[in-house]
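Below: one structure, written as structure tokens.
Note that this is a predicted model, so its numbers are computed, not measured. Side chains included, hydrogens not; waters and symmetry mates left out as well; all remaining heavy atoms used. Residues: numbered from 1 along the sequence shown.
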Amino acid sequence: MRWSRAVHHLEELAKACADMATRPAAIFPLRVTALWTFGDVLEHQEDLDSLAVVMAVDLPFEEVAWLCAPAGAEHWSNAAGLAKSPAVAIWRSTRAPLWNHRVIRPLLIWDESGVAGQPLSALRAGTADPLRLPEPAPDELASRLEAERVVSLRALQSATATYQQRRFAPGKLEPIADALWRASAGFLDIPDRHS
């Protein structure tokens with residue numbers, strides 16, 4: 001996709017986040033509190049394979065394992081139009097650092113106070129670098145990855161148990177298998193400093 005189109009999608013997604021924040025919590029219990037972007041869209045103004053975004057939610061860190069979607073994410077994504085956009089969403093808890101080995105120096109696009117016009121303008125002008133989060137120190141990153149591995153292992157164990165329990169039960173297995181795949185992919189993606 002063209003870089004300018006990716007920035008347009010960011011702006012549209014920020015507006016969708018703002019709209020979703022006004023909808024009743026009884027219908028949309030998962031509350032996205034911030035939208036961030038990271039990756040190629042911040043590094044150069046060339047065509048992109050995909051647009052990477054972080055959907056920050058106010059849930060315990062343990063409920064948002066790496067590459068896993070929290071309960072209600074699919075419902076929220078469909079209502080917000082995220083499911084049909086070219087964005088690749090990473091769900092993260094606001095109760096722990098957003099960054100890790102893949103989410104490097106993200107840029108805030110929207111939060112509950114409104115659409116962040118300055119970052120979008122700076123992104124278009126190629127001057128967004130000072131607005132990005134700083135890169136963590138190596139020891140901070142190592143500690144962060146260790147915490148991610150613990151949470152991801154628990155998510156993998158839980159998804160495996162759910163899959164085994166439901167494997168031969170009536171009903172669709174696809175959502176359970178998808179959750180197991182995401183938990184597996186997340187766990188395997190986190191670098192192990194011991195290997």
Side-chain angles (χ1 to χ4, degrees), residues 1-25 27-59 61 63-70 72-137 140-141 144 148 182 186 189:
M1 114 184 62
R2 297 171 78 180
W3 181 86
S4 59
R5 192 75 184 141
V7 175
H8 170 77
H9 284 297
L10 275 175
E11 189 169 23
E12 292 301 308
L13 187 51
K15 289 176 186 173
C17 288
D19 176 57
M20 291 298 292
T22 66
R23 297 199 186 178
I27 298 172
F28 297 100
L30 180 67
R31 307 311 282 184
V32 172
T33 59
L35 166 68
W36 298 74
T37 192
F38 66 100
D40 290 342
V41 72
L42 299 176
E43 302 302 328
H44 53 74
Q45 294 188 357
E46 299 167 9
D47 290 352
L48 308 170
D49 291 331
S50 62
L51 172 63
V53 296
V54 170
M55 309 306 296
V57 292
D58 186 23
L59 290 173
F61 170 55
E63 291 182 26
V64 193
W66 178 238
L67 299 184
C68 293
E74 184 176 358
H75 182 57
W76 190 97
S77 295
N78 288 331
L82 175 61
K84 293 183 179 179
S85 83
V88 176
I90 303 292
W91 297 87
R92 303 293 280 165
S93 169
T94 58
R95 301 182 195 179
L98 295 172
W99 47 262
N100 65 8
H101 63 296
R102 300 274 184 221
V103 181
I104 301 167
R105 300 197 60 226
L107 175 70
L108 178 66
I109 300 298
W110 172 87
D111 66 14
E112 291 175 308
S113 63
V115 175
Q118 181 187 5
L120 281 169
S121 297
L123 181 58
R124 283 188 184 94
T127 59
D129 196 63
L131 302 175
R132 296 170 67 183
L133 288 182
E135 197 161 340
E140 288 178 303
L141 181 58
R144 179 79 187 117
E148 293 259 23
R182 283 192 300 272
D189 185 65

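The two atoms that bring R124 and Q45 nearest to each other are O-NE2, 3.6 Å, heavy atoms only. Between F28 and R31 the shortest heavy-atom distance is O-NH1, 2.8 Å. The two atoms that bring P70 and E63 nearest to each other are CB-O, 4.0 Å, heavy atoms only. S93 and F61 make their closest contact through OG-N, 3.5 Å (heavy atoms, listed as atom of the first residue, atom of the second, distance). Heavy atoms only, all atoms of each residue included: V54 and R92 are closest at CG1-CG, 3.5 Å. The shortest heavy-atom contact between L30 and W76 is O-CD1, 3.5 Å.
Put simply, CG on L48 and CZ on R2 are 12.0 Å apart, with the number rounded to the nearest 0.5 Å. Here R102 contributes atom CZ and D189 contributes atom CG; the two are 4.0 Å apart, rounded to the nearest 0.5 Å. The structure places CH2 of W91 at 11.0 Å from CZ of R182, a figure rounded to the nearest 0.5 Å. We find the OG-NE2 distance between S50 and H9 to be 12.0 Å, quoted to the nearest 0.5 Å. Going from atom CG of L133 over to atom CG of L108 covers 8.0 Å, rounded to the nearest 0.5 Å. In this structure, L51 CG and T37 OG1 are separated by 5.0 Å, a value rounded to the nearest 0.5 Å.
The shortest distance between side-chain heavy atoms of D111 and T33 does not fall below 4.5 Å. Inter-residue side-chain proximity for L67 and I90 is flagged as met; some heavy-atom pair is nearer than 4.5 Å. For the pair W36 and M55, the minimum side-chain heavy-atom distance is 4.5 Å or more. K15 places a side-chain heavy atom less than 4.5 Å from the side chain of E11. Here the side chains of L131 and Q118 are in contact, with some heavy-atom distance below 4.5 Å.
R132 and E43 are joined by a salt bridge, as a carboxylate oxygen and a charged side-chain nitrogen come within less than 4.0 angstrom of each other.
Looking at R105, its side chain does come within 3.5 Å of a backbone N or O of D129 through a donor-acceptor pair. Listed for the H101 side chain is no donor-acceptor partner under 3.5 Å among the backbone atoms of L141. With hydrogens and angles disregarded, a donor-acceptor distance shorter than 3.5 Å links the side chain of W3 to the backbone of V41. Panel note: side chain T94, backbone L59; no donor-acceptor pair is recorded below 3.5 Å.
The one candidate from L10, V32, L13 that meets the side-chain contact (heavy atoms from CB on, under 4.5 Å) condition with W110 is V32.
More than 12 heavy atoms of other shown residues, nucleotides or ligands fall within 6.0 angstrom of atom CZ in R23.
In this structure, the side chain to side chain donor-acceptor pair (under 3.5 Å) partners of N100, at least two apart in sequence or on a different chain, are E148.
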